[in-house]
Amino acid sequence: MILMNDFKIEPPAIREAMQAAVARVFESGWYVLGGELKAFEREWASICSVDHAVGVGNGMDAIEIALRGLDVGPGDEVITTPMTAFATVLAILRAGATPVLADIDPNTALLSMASAERCFTSKTRAAVLVHLYGQVHNMPGWVDWCRQHDIALIEDCAQAHLASQNGTVAGAFGAAGAYSFYPTKNLGAVGDGGMLVTRDETLARRAGTLRNYGQSVRYHHPELGLNSRLDEIQAAILSTRLQWLEEFTQRRREIAAAYRAGIVHPDVRLLAAPEAESAHVYHLFVVCCEARDALQGHLQAHDIQTLIHYPIPIHQQPPCLEMRRDPQGLGQSEHHAACCLSLPCHPQMSDADTAAVIAAVNAFKLP
Ligand SMILES: *Cc1c(COP(=O)(O)O)cnc(C)c1O
């Protein structure tokens with residue numbers, strides 16, 4: 001079976017290095033908010049070319065803390081996409097703000113600026129831009145758009161480790177970037193983890209307070225925060241896995257290039273190729289097919305696992321049925337949800353696996 005992720009077949013050297021990192025934490029006798037976290041925060045800030053990184057419990061909390069740290073909350077509207085992980089929108093709700101859903105561009109499945117424009121009101125305070133599937137697209141345009149509308153740009157980078165455009169890495173374009181290190185992300189922990197990155201020293205200090213019950217110095221709580229800290233074991237493991245991230249990202253790109261060259265089925269549409277100067281990291285390789293469920297069944301029969309990101313757009317989730325949205329509707333998101341399919345694209349795949357996926361897709365017969 002070709003799986004969407006296969007950690008058990010990673011090179012043994014990775015597991016040995018992770019075990020050594022865990023042993024180091026045990027020997028230190030310090031498990032939360034210690035030297036491993038500080039070191040990993042410095043490494044991740046440097047990768048993003050920003051001055052500050054604040055390790056938190058997960059990607060969702062990173063978004064909530066970014067919003068709260070920027071004083072975006074009750075009464076404020078935040079524009080985002082319905083074609084994302086539920087966590088993106090839940091974080092906005094947890095910050096007390098009002099999500100407003102704009103539609104996507106069908107060629108990329110990323111937020112449409114025309115739709116975001118229709119969602120903008122005098123109450124809009126921020127946009128949470130999701131670098132879906134690992135794409136970083138039209139960032140100069142979005143930076144300008146947010147500046148013109150005088151709103152904060154927050155990047156959801158959960159799928160975009162090392163993605164960049166014009167040399168700027170995801171998370172460094174706007175006020176804050178939110179990373180997840182959930183195991184299946186391009187850089188994954190052995191459990192939950194997240195990080196907020198920012199150039200803004202005030203926001204970084206605020207985030208450091210918010211992740212730790214709103215505590216400024218020990219036993220002083222100027223505000224109500226969360227308990228959301230990246231622990232020492234996960235930080236040590238992430239620092240270790242970081243050594244393989246570049247190589248694994250390159251492998252994802254090779255697989256994606258093979259898919260782009262090899263998949264020629266007339267009923268299977270690929271998403272737009274990345275723009276020039278834009279480095280896609282292929283967290284997911286997504287195709288679209290009107291007969292998606294049949295294609296998924298066909299691939300399953302050929303021992304190829306696939307997943308759907310995402311089958312239900314946010315506004316069709318029961319708690320979100322009344323959520324504010326583009327007055328022209330969210331038809332493109334609904335259509336994408338009905339036809340998208342994520343093919344296996346993980347760094348442990350062999351060339352033979354990749355060829356098998358291509359051959360199986362091309363052999364698909366419409367029902
Ligand atoms: C995974 C993911 C999140 C949430 O990250 P967690 O660490 O699971 O909280 C948020 N947004 C997107 C786009 C994601 O893929």
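Note that the structure is a prediction, hence the values are computed from the model and not measured. Remember, it's 1-based here, ligands and their atoms both numbered in the order they're listed.
Inspection of the His309 and Ser342 side chains reveals an N or O donor paired with an N or O acceptor under 3.5 Å. A donor-acceptor contact closer than 3.5 angstrom is absent between the side chains of Asp103 and Ser112. Using modelled atom types, one finds a donor on one side chain and an acceptor on the other under 3.5 Å when comparing Asp326 with Ser115.
Salt-bridge check for Arg251 with Asp351: passed, with a basic side-chain N closer than 4.0 Å to an acidic carboxylate O. The residues Glu246 and Arg253 are annotated as not salt-bridged, no charged nitrogen and carboxylate oxygen being separated by less than 4.0 angstrom.
Checked against the 6.0 Å centroid criterion, the rings of Tyr219 and Tyr213 do not qualify as a close aromatic pair. In this structure, Tyr179 has its ring center under 6.0 Å from that of Trp44.
Looking at Asp156 against ligand 1, only its side chain comes within 4.0 Å, counting heavy atoms. Residue-level proximity to ligand 1 for Val130 is carried by the side chain, the only part with a heavy atom below 4.0 angstrom.
Looking at atom 3 (C) of ligand 1, its nearest protein heavy atom turns out to be Ala158 CB, 3.8 Å. With respect to atom 4 (C) of ligand 1, the closest heavy atom belonging to the protein is Ala87 CB, 3.5 Å.
Heavy-atom proximity to Thr84, at under 4.0 Å, picks out these atoms of ligand 1: 13 (C). Distances below 4.0 Å separate heavy atoms of Asn58 from the following atoms of ligand 1: 7 (O), 9 (O). The ligand atoms of ligand 1 that sit less than 4.0 angstrom from a heavy atom of Gln159 are 13 (C), 15 (O). Ligand 1 places these atoms under 4.0 Å from at least one heavy atom of Thr88: 11 (N).
Judged by the shortest distance from any of its heavy atoms, Asp192 lies outside the 4.0 Å radius around the atoms of ligand 1.
An N or O contact shorter than 3.5 Å links Gly59 to ligand 1 by distance. Note: no N/O pair closer than 3.5 Å links Ala85 and ligand 1 by distance alone.
With Lys185, Met60, His131 as candidates, the residue nearest to atom 2 (C) of ligand 1 on a non-hydrogen basis is Lys185. Considering Ala91, Ser180, Ala189, Gly188 only, the shortest heavy-atom separation from atom 5 (O) of ligand 1 involves Ser180.
How far CD of Glu117 is from SG of Cys119: 9.5 Å, rounded to the nearest 0.5 Å.
Exactly one residue among Gln159, His283, His161, Glu155 makes a side-chain hydrogen bond (donor to acceptor under 3.5 Å, both in side chains) with His131. That residue is Glu155.
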